[in-house]
Each structure stands twice: as structure tokens, then as C-alpha cells.
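Have a look at the structure that comes next, please.
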Amino acid sequence: MIEHPDGARTPVIDASVHIFFASTAELRDFLREPFKSRGFPDYEMDWYGAPGGEYADDTRGPDRQYPGSDPDVVANYLFEEQGVDVAVLHPMGRGIMPDRHLGTALHAAHNEMMVSRWLEHSQYGDRFRGTIRVNPDDIAGALREIEKWRAHPRVVQIGVPLQSRELYGKPQFWPLWEAAAAANLPVAVHIETGEGIGFPPTPSGHTRTYEQYVSFMALNYLYHLMNMIAEGVFERFDTLKFVWSDGAADFLTPFSWRMDTFGRPHLEQTPWAPRIPSDYLPGHVYFVQGSLDGPGDTEFAGQWFGFTGKEDMVMFGSSYPHWQLNRLAVPSTFSADQREKVCWRNAAELYGIDIQASLAAQ
């Protein structure tokens with residue numbers, strides 16, 4: 001629960017909290033052979049480093065373990081200092097591996113760690129919700145992970161990397177989306193951390209600097225989304241929900257206008273997706289938003305938030321423990337309804353999180 005500048009109070013669901021193993025050695029403790037002895041990238045083995053450091057100050061544990069690896073440290077910051085009521089955890093992995101079996105094993109280890117250490121934490125477990133990481137390069141392995149964890153009461157979504165080898169609308173991924181829809185689990189797409197196979201952040205190749213990388217990388221959701229609509233994924237799986245977890249909802253409106261302009265006259269080319277493209281957004285497409293997205297606290301912020309139905313798609317996420325560590329600051333021109341939606345209501349409805357009526361009414 002937080003208090004806004006006008007004195008109103010609302011619950012808060014943080015829809016993007018990143019968790020890690022404390023060390024590579026600890027990760028290996030969750031692996032079995034032949035993967036336990038294999039080599040794989042560190043979390044920070046990537047092409048671009050944030051100039052001021054990857055993580056915010058004071059996010060390491062008391063023994064200087066990796067940021068975001070100590071449930072007590074994370075819970076104290078989110079729940080006690082920032083007024084967060086529920087946190088949705090997203091384990092960060094080691095990238096797309098050339099060996100799909102190794103990739104699946106690494107994801108499975110992160111899932112075991114999250115469930116045993118966080119979701120079943122004796123003090124804070126009831127305030128954490130979890131994202132089960134699956135490997136889109138290994139559909140059979142991904143389906144096993146979904147089946148293993150889908151019934152856990154605090155598992156609320158599955159997670160895949162934004163840096164996919166192929167666009168997510170293509171048929172080889174359909175069994176995965178079908179399983180997610182059947183399990184009633186949204187699919188969260190997030191930029192992976194440790195680089196396995198390093199795909200360029202733009203269709204024209206690699207950018208030169210971190211600033212360009214962080215500006216352009218999230219735009220890759222547009223290519224996935226356009227392909228998913230054109231391939232009829234949301235028509236085929238009408239309960240499937242996708243969460244674009246790296247923001248960039250501010251690009252949705254111009255993109256949708258353009259997609260509808262070119263898509264409307266050519267619907268006969270996609271009889272399996274008979275509606276205009278933007279009709280597939282409501283109820284299927286969501287975004288996690290932080291301080292890097294949108295026009296900021298401007299006089300037209302509330303109006304912009306209402307375009308294309310974004311106010312029903314966007315959820316607050318802190319990106320803890322990363323350097324941008326978004327602290328919730330709702331633009332003053334948002335309506336009371338818009339503020340509630342971004343602070344907690346959209347996330348509560350998407351993930352089935354029961355916010356106590358006494359909290360929601362304040």
C-alpha cells in the first residue's frame with residue numbers, strides 16, 4: 001500500500017522482480033550430471049554493460065551475494081520500504097544455449113530454486129508469485145516444466161526470452177502456447193541476461209553502445225506480436241495472454257495504427273486471422289512498465305495512456321535489482337481509475353491475485 005501525492009492510497013503489485021542464484025557454484029548444486037560439470041555463461045556475460053553498473057546500490061545480501069538472490073533482502077526492500085503488497089518473481093537465466101538440453105536444465109534449476117526458496121519461504125512466501133522459466137528451443141522440455149509446476153498455487157505465469165531464434169507466431173511454438181493457455185498461465189517475454197547465442201538487438205545488427213541497446217532491444221516485441229497476429233495465434237488460442245515484460249507499451253499506439261492501416265485491406269490473405277490486427281490486443285496483450293516508458297508526468301500522459309486501450313494492458317514493475325530500479329510514480333494526469341489499474345488492478349486480474357478488500361478500498 002502506498003500513498004500518492006494527492007493523499008489517495010492504493011495497493012501495489014510489482015509485476016517484475018528479477019531473482020538470481022547467489023553464485024554459479026550454487027546454481028551447479030541444483031544441476032545433475034551431465035549438466036553439472038558443463039560450461040555456461042555468467043549472468044553478466046553480454047555485449048553491453050550499463051555504464052554505471054548493472055545493479056542498484058544496496059541490492060546485494062549481507063554476505064555480498066549476487067543482487068536479487070536473498071529473499072529476506074528483497075522482501076525488506078519491496079514490502080517494508082516501498083509499500084509493495086505482492087511481488088511477481090521472474091528468475092533470470094543464462095541465455096539461449098546452443099545445446100537445448102543444457103538450456104532446459106538451467107531453466108529447471110532456476111525453477112526449483114524459485115519455488116523452494118521464494119514461493120515456499122516461511123515468512124514471505126504468501127506475498128511472492130512465480131514465473132516458471134521454460135526453454136522455447138526445447139518444446140518437449142518446456143511442456144514437462146509446465147506440467148510439473150502448473151498446479152502450484154503461487155505459480156502465475158511462464159517465462160521465455162525475448163531473444164528467440166524465431167518469431168513466436170510460428171507453428172513450432174504452438175504446442176507451447178496451447179499448453180500455457182490450457183494451464184491458464186500467461187506467457188511473460190523478457191530480455192535474457194547471460195548471453196548464450198547473442199542475437200542482434202535490431203534487424204540491422206548490433207548497436208554500438210548500451211544506451212542504444214536498451215532503447216532498441218525492447219522493440220523486438222513488435223516483430224513477435226505482428227507475427228503472432230498474422231499467424232492467427234490469438235485466434236487459435238483465444239485465452240492465451242502475453243506479457244511484454246520490458247515495457248515499450250508507448251510504441252503500441254503508432255504501431256497499431258500502422259498495422260491496421262496496412263492490415264485492413266488485406267485480411268483475405270490471412271483467413272485464419274479474420275479481424276483487423278488491433279482487435280486481437282484486448283485480453284491478450286499486456287506490458288510491464290517502469291520509469292523508462294511513456295511520456296512521463298506531462299499534461300497529456302493520461303490521454304496517451306488511454307489510447308489503444310493501454311490503460312487495461314499496463315502493470316507496474318520495478319525491475320529490481322537492476323540499475324533503473326523503477327519506483328512507482330504515477331503521472332498526476334492519470335485518472336483515479338487509470339492509477340488503480342497500473343498500480344495493482346490489471347496485475348490482480350491477470351494473475352488471479354486476491355488483494356484484500358480492505359486494501360483495495362482505501
When you check the gap from the basic side-chain N to the acidic O, do E235 and R275 get nearer than 4.0 Å?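 A salt bridge links E235 with R275.
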Short question: side chain of R100, backbone of G141 - any donor-acceptor pair under 3.5 Å?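 It does not hold such a pair.
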Which pair of heavy atoms, one from M313 and one from P282, lies closest together, and at what distance?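 Reported closest heavy-atom pair: CE-N, 4.5 Å.
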When hydrophobic residues are tied together by side-chain contacts of less than 4.5 Å, even through go-betweens, does V214 share a cluster with F251?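 Looking at the clustering, F251 is in the same group as V214.
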Plane angle bin for F79 and Y124 - parallel if under 30°, tilted between 30 and 60°, otherwise perpendicular: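 Rings of Y124 and F79: tilted, as their planes differ by 30° to 60°.
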Sole candidate of Q163, R133, R94 that passes side chain to side chain donor-acceptor pair (under 3.5 Å) when paired with E192: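 Running side chain to side chain donor-acceptor pair (under 3.5 Å) over Q163, R133, R94 with E192 returns exactly one hit, R133.
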So, D85 side chain and I13 main chain: donor-acceptor pair closer than 3.5 Å or not?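 Such a contact is absent between D85 side chain and I13 backbone.
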If you compare all heavy atoms of H4 against all heavy atoms of C343, which two are closest, and at what distance to 0.1 Å?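 It is CE1-SG, 3.7 Å.
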In terms of heavy-atom contacts, does CG of D6 have more than 12 from other residues, nucleotides or ligands at under 6.0 Å?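 Above 12, so yes.
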Passing option when Y320 is tested against V84, L89, T59 for side chain to side chain contact (heavy atoms under 4.5 Å, CB included):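 Answer after filtering V84, L89, T59: T59.
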Do D246 and Y221 make a side-chain contact, defined as non-hydrogen atoms from C-beta onward lying under 4.5 Å apart?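 No, too far: nothing below the 4.5 Å cut-off.
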Transitively linked via ILVMFWY side-chain contacts under 4.5 Å: Y210 with F216?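 Cluster IDs for Y210 and F216 match.
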Under 6.0 Å from the CZ atom of R165, do we count more than 12 heavy atoms belonging to anything else shown?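 More than 12 within 6.0 Å, yes.
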For K36, is there any backbone N or O sitting under 3.5 Å from a side-chain donor or acceptor partner on R28?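 Yes: the side chain of R28 pairs with the backbone of K36.
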Under 6.0 Å from the six-membered ring centre of Y55 and within 45° of its axis: does the NZ or CZ of R60 meet both?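 Geometry flag: not set, cation outside 6.0 Å or 45°.
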Within this structure, what is the CG-CG distance for the pair D260 and D279, rounded to the nearest 0.5 Å?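 D260 CG to D279 CG: 7.5 Å, rounded to 0.5 Å.
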Where the side chain of W174 meets the backbone of G169, is there a donor-acceptor pair that is under 3.5 Å apart?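 Side chain of W174 to backbone of G169, a donor-acceptor pair under 3.5 Å: yes, one is there.
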According to side-chain hydrogen bond (donor to acceptor under 3.5 Å, both in side chains), does anything in residues 299-310 pair up with another residue at least two apart or in another chain? List the pairs.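 For residues 299-310, and leaving out neighbouring residues, the side-chain hydrogen bond (donor to acceptor under 3.5 Å, both in side chains) pairs sorted by first residue read T253-T308, T253-K310.
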cation_pi(R129, Y351) dist<6.0 Å, angle<=45: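 Geometry flag: not set, cation outside 6.0 Å or 45°.
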Determine whether a donor-acceptor pair (N or O, by modelled atom type, separation under 3.5 Å) exists between the side chain of N135 and the backbone of H101.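 The answer is no, because no donor-acceptor pair under 3.5 Å joins these two groups.
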If every non-hydrogen atom of W272 is compared with every non-hydrogen atom of A230, which pair is closest and at what distance?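 Smallest heavy-atom distance, with atoms named: NE1-O, 2.7 Å.
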Please check if atom CG in N184 has more than 12 non-hydrogen atoms from other residues, nucleotides or ligands closer than 6.0 Å.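 For N184, atom CG is not crowded (no more than 12 foreign heavy atoms under 6.0 Å).
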Less than 6.0 angstrom separating the ring centers of F255 and Y223, yes or no?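 Between Y223 and F255, which both carry aromatic rings, the centre distance is not below 6.0 Å.
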Flag the pair F21 / H110 as yes when their ring centroid distance falls below 6.0 Å, and as no otherwise.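 Ring centroids of F21 and H110 are less than 6.0 Å from each other.
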Where do I146 and A183 come nearest, in terms of heavy atoms and distance?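 Looks like CG2-CB, 4.3 Å.
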When clusters are formed by joining ILVMFWY residues with side-chain heavy atoms under 4.5 Å apart, either directly or through shared neighbours, do L167 and V189 land in the same one?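 Not linked; separate clusters.
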Geometric class of the H224/Y168 ring pair [parallel <30°, tilted 30-60°, perpendicular >60°]: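 Answer is parallel, since the angle falls under 30°.
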Measure centre to centre between the rings of W177 and F237, then say whether the value is under 6.0 Å.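 Not close enough - the centres of the two rings lie 6.0 Å or further apart.
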Quick one: do I191 and M228 end up in the same hydrophobic cluster if we chain Ile, Leu, Val, Met, Phe, Trp and Tyr together by side-chain heavy atoms under 4.5 Å apart?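 Shared cluster, yes.
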